[in-house]
Q: 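Once you've had a glance at the structure underneath, I'll fire off some questions.
Worth knowing before you read on, the calculation uses all heavy atoms, side chains too, and leaves out hydrogens, waters and symmetry mates. Note that the coordinates shown come from a computational prediction; the quantities given were computed from them, not determined experimentally.
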Amino acid sequence: QVRLVESGGGLVQAGESLRLSCAASENIFSFNAMGWYRQAPGKQRELVAEMTTGGSIKYADSLKGRFTISRDNAKNTVYLQMSNLTPEDTAVYYCRARRILEYWGQGTLVTVSS
């Protein structure tokens with residue numbers, strides 16, 4: 001059973017930064033890709049960033065330059081560094097891992113106050 005555990009969410013003020021972590025229960029290279037999605041209240045879940053095993057990275061166009069995805073292979077952990085946060089970034093952030101199937105974490109709430 002694959003487990004993805006997100007952490008690092010919380011309440012911050014606009015302009016501040018936050019780093020989210022996603023710890024996987026197995027070697028992250030067993031997945032084709034890992035990434036972050038978010039779901040704001042009343043909106044659909046959307047891609048934030050994804051990194052393939054080979055290191056290719058895809059970002060949501062609107063978030064390029066403010067969000068950075070990275071990984072620590074030894075810790076089987078993927079990170080999302082978020083900077084210059086705005087209230088529009090308020091959402092539940094989910095970690096996703098995919099191979100034949102896809103796996104989701106339970107999410108971590110990020111709230112940005114103005």
Side-chain angles (χ1 to χ4, degrees):
Q1 182 77 12
V2 174
R3 291 187 66 233
L4 302 174
V5 180
E6 302 100 333
S7 61
L11 173 63
V12 296
Q13 293 189 332
E16 293 185 338
S17 299
L18 206 58
R19 189 179 79 159
L20 306 182
S21 300
C22 171
S25 60
E26 58 183 78
N27 191 318
I28 60 176
F29 284 100
S30 71
F31 304 110
N32 294 329
M34 292 189 69
W36 291 94
Y37 285 70
R38 69 182 184 183
Q39 187 165 17
K43 295 187 178 181
Q44 289 187 329
R45 192 172 298 189
E46 62 177 359
L47 170 72
V48 174
E50 184 178 74
M51 176 186 287
T52 68
T53 302
S56 297
I57 295 175
K58 177 171 60 177
Y59 291 102
D61 288 340
S62 62
L63 301 177
K64 286 180 181 177
R66 291 197 301 122
F67 288 20
T68 302
I69 188 171
S70 63
R71 67 189 178 201
D72 184 328
N73 303 332
K75 295 183 179 179
N76 291 321
T77 299
V78 174
Y79 302 99
L80 183 68
Q81 178 68 46
M82 306 183 292
S83 62
N84 195 22
L85 287 162
T86 73
E88 289 68 38
D89 295 315
T90 294
V92 178
Y93 285 71
Y94 296 92
C95 180
R96 187 187 86 153
R98 62 176 174 89
R99 36 183 184 229
I100 297 176
L101 301 176
E102 61 178 17
Y103 306 91
W104 293 88
Q106 291 189 314
T108 186
L109 176 62
V110 173
T111 304
V112 185
S113 64
S114 57

Q: Rounded to the nearest 0.5 Å, what's the gap from CH2 on W36 to CD1 on I69? Could you check?
A: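 The CD1 atom of I69 is 8.0 Å from CH2 of W36, to the nearest 0.5 Å.
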Q: If you count every heavy atom of other residues, nucleotides or ligands that lies below 6.0 Å from R99 atom CZ, does the total exceed 12?
A: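 Yes - once you tally the heavy atoms of other residues, nucleotides and ligands closer than 6.0 Å, there are more than 12.
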Q: Any donor and acceptor pair, going by atom type alone, linking the side chain of N76 with main-chain N or O of A23 inside 3.5 Å?
A: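 Between the backbone of A23 and the side chain of N76 there is no qualifying donor-acceptor contact (under 3.5 Å).
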Q: Within the side chain of S83, is there an N or O that forms a donor-acceptor pair under 3.5 Å with the backbone of S17?
A: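 Flag not set: sc S83 to bb S17 has no pair under 3.5 Å.
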Q: Which donor-acceptor pairs under 3.5 Å do the side chains of residues 105-114 make with protein atoms, sequence neighbours left out?
A:
unit_1: T108; atom_1: OG1; unit_2: G9; atom_2: N; d: 3.2
unit_1: S113; atom_1: OG; unit_2: V12; atom_2: O; d: 3.4

Q: Starting from L11 and following side-chain heavy-atom contacts under 4.5 Å between hydrophobic residues (I, L, V, M, F, W, Y), which residues can be reached?
A: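 Its cluster mates, by chain and number: none.
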Q: I'd like to know if E88 and R66 make a salt bridge, using a cut-off of under 4.0 Å between side-chain N and carboxylate O.
A: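 So E88 does not pair with R66 through a salt bridge.
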Q: Is there a donor-acceptor pair under 3.5 Å between the side chain of T53 and the backbone N or O of S30?
A: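 A pair under 3.5 Å: no.
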Q: So do the side chains of M51 and V78 get within less than 4.5 Å of each other, counting heavy atoms only?
A: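 No, too far: nothing below the 4.5 Å cut-off.
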Q: Would you say the side-chain atoms of R45 pair up with the backbone N or O of Y37, donor to acceptor, closer than 3.5 Å?
A: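 Side chain of R45 to backbone of Y37: no pair is present.
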Q: Applying disulfide (SG to SG under 2.5 Å), which residue pairs with at least one partner in residues 8-114 are found, sequence neighbours left out?
A: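 Residue pairs with at least one partner in residues 8-114: C22-C95.
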Q: Is there side-chain contact between R38 and D89, with heavy atoms separated by less than 4.5 Å?
A: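 Yes, close enough: below the 4.5 Å cut-off.
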